[in-house]
Amino acid sequence: MRSKRDQRIYEKTRKFLEKRKEENIDEKMKLIDQALEKSEGEERYSFLYDLICNYLDEEFRKKNICGFKNNLCKRRCSMMERNVKKDTYENGCCHSYLEGRDCEYLKPPYGCQIKNIACKTFTCFYLRKQGYRYTLDKIYLSKYFFNRRQKFYIQNTYFVDKPVVMEGILKRS
């Protein structure tokens, strides 16, 4: 039997999905059921964290949001085509201009070797202008499971692996 809190999460999530006219609501609610079956705390947060990372990976891959060509994202390709700036860095947002190198977790040919929601929700200004913006309040898997402090922490902790982020999530619960 579910607690009152879990029942509220379930009902609010269903209403959220229906309001957004999402497809496959029943399938998505099965994932919510699986999350609610986990004990509150680390087990549940870890399960949700993995689901959110997988969801974002699939979303970017399915929609080809960054539009890579020859290891350059569409923003950089469009800049080069217009001769706005000679920007030939590869690997999109995983390249740090400040440090002049790629993120240490980016390993060719497979890409990112860690699970980090902040990195996965990040979209550059170019993509945001095209309407791509991901926040934990817009993702049904996280909207009602995490509190505001946890969401802020998750979305602003870049370039660190899941165990470090999990510690922070638990401290803020």
Side-chain angles (χ1 to χ4, degrees), residues 2-22 25 28-63 65-66 73 75 91-99 101-106 111-173:
R2 289 190 182 136
S3 68
K4 285 183 181 182
R5 180 181 184 273
D6 287 353
Q7 189 60 36
R8 275 196 315 272
I9 289 172
Y10 184 87
E11 290 167 5
K12 285 182 173 185
T13 302
R14 180 171 280 286
K15 285 179 187 174
F16 175 75
L17 291 169
E18 289 169 351
K19 184 178 178 182
R20 292 184 58 167
K21 297 181 172 112
E22 293 274 342
I25 291 176
K28 291 176 179 178
M29 291 310 295
K30 285 179 185 174
L31 289 175
I32 298 300
D33 277 331
Q34 289 175 15
L36 292 171
E37 287 171 5
K38 308 287 183 206
S39 61
E40 285 193 47
E42 186 171 4
E43 182 183 10
R44 184 179 288 182
Y45 290 138
S46 179
F47 179 75
L48 288 164
Y49 193 93
D50 289 341
L51 285 177
I52 294 165
C53 285
N54 294 340
Y55 165 79
L56 290 166
D57 284 342
E58 183 62 26
E59 186 81 359
F60 274 75
R61 193 174 15 261
K62 182 173 61 180
K63 294 180 179 176
I65 291 173
C66 294
C73 65
R75 178 185 137 247
N91 302 320
C93 296
C94 296
H95 180 83
S96 170
Y97 288 101
L98 296 175
E99 296 179 18
R101 64 180 179 85
D102 289 339
C103 173
E104 66 185 281
Y105 296 107
L106 185 66
C112 186
Q113 300 299 302
I114 63 170
K115 288 188 174 202
N116 184 288
I117 292 175
C119 294
K120 293 176 187 301
T121 58
F122 179 81
T123 50
C124 66
F125 179 72
Y126 179 81
L127 292 177
R128 286 193 301 267
K129 274 180 43 179
Q130 293 181 342
Y132 292 107
R133 172 169 261 152
Y134 292 88
T135 67
L136 293 178
D137 277 333
K138 292 182 180 180
I139 299 172
Y140 77 98
L141 294 163
S142 56
K143 182 156 179 73
Y144 300 109
F145 281 97
F146 296 102
N147 65 40
R148 276 188 293 181
R149 290 177 55 220
Q150 289 170 320
K151 289 177 191 173
F152 181 82
Y153 175 78
I154 293 167
Q155 284 208 223
N156 290 287
T157 307
Y158 295 94
F159 309 121
V160 295
D161 206 356
K162 177 184 171 183
V164 176
V165 179
M166 288 302 300
E167 267 184 55
I169 291 170
L170 292 171
K171 283 181 186 175
R172 289 158 178 81
S173 61

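- In this structure, CZ on F122 lies 10.0 Å from CZ on R133, to the nearest 0.5 angstrom.
- Rounding to the nearest 0.5 angstrom, the gap separating the OG1 atom in T13 from the CD atom in E18 is 11.0 Å.
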Report task. Decide side-chain contact (heavy atoms from CB on, under 4.5 Å) for F146 and Y45; before the verdict, give the C-alpha distance in whole Å, the side-chain angles of both, and the deciding distance to 0.1 Å. Result -> CA-CA 8 Å; F146 296 102; Y45 290 138; 3.3 Å; yes
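- No side-chain heavy atom of K19 sits under 4.5 Å from any side-chain heavy atom of F16.
- When all heavy atoms of S46 and M166 are compared, the closest pair comes out as N-CE, 3.4 Å.
- Residue-environment remark: CZ (F152) stays at or below the threshold of 12 foreign heavy atoms within 6.0 Å.
- Within the 3.5 Å criterion, the main-chain N or O of R149 finds a donor-acceptor partner in the side chain of N147.
- Within a 6.0 Å sphere centred on CZ of R128, heavy atoms belonging to other residues, nucleotides or ligands number more than 12.
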Report task. Output, in order, the C-alpha distance, side-chain angles, deciding distance and verdict of ring-ring contact (aromatic ring centres under 6.0 Å, His included) for Y134 and Y55. Result -> CA-CA 11 Å; Y134 292 88; Y55 165 79; 7.3 Å; no
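- Checked for salt-bridge contact, E59 and K63 meet the test: a charged N lies under 4.0 Å from a carboxylate O.
- Y105 has its side chain out of reach of C119: every pair of non-hydrogen atoms, C-beta onward, lies at least 4.5 Å apart.
- Contact of the Q130 side chain with the I65 side chain is not registered, since no non-hydrogen atoms from C-beta on lie closer than 4.5 Å.
- Across every non-hydrogen atom of K143 and K151, the tightest pair is O-NZ, 2.7 Å.
- In this structure, E43 CD and L48 CG are separated by 10.5 Å, a value rounded to the nearest 0.5 Å.
- Inter-residue side-chain proximity for K115 and N54 is flagged as met; some heavy-atom pair is nearer than 4.5 Å.
- If you take CG on L51 and CZ on F145, they are separated by 9.5 Å, rounding to the nearest 0.5 Å.
- With contacts defined as side-chain heavy-atom distances shorter than 4.5 Å, the pair V160/N116 qualifies.
- Between the side chain of Q155 and the backbone N or O of L136 there is at least one donor-acceptor pair closer than 3.5 Å.
- Residues F47 and L31 come closest through the heavy atom pair CE2-O, 4.0 Å.
- To the nearest 0.5 angstrom, I154 atom CD1 is 5.5 Å from I117 atom CD1.
- Contact annotation: the side chain of M29 approaches that of I32 to within less than 4.5 Å [non-hydrogen atoms, C-beta and beyond].
- Residues L36 and R44 meet the side-chain proximity criterion, which asks for heavy atoms closer than 4.5 Å.
- Contact of the V164 side chain with the F159 side chain is not registered, since no non-hydrogen atoms from C-beta on lie closer than 4.5 Å.
- For the atom pair CG of L17 and OH of Y140, the computed distance is 7.0 Å after rounding to the nearest 0.5 Å.
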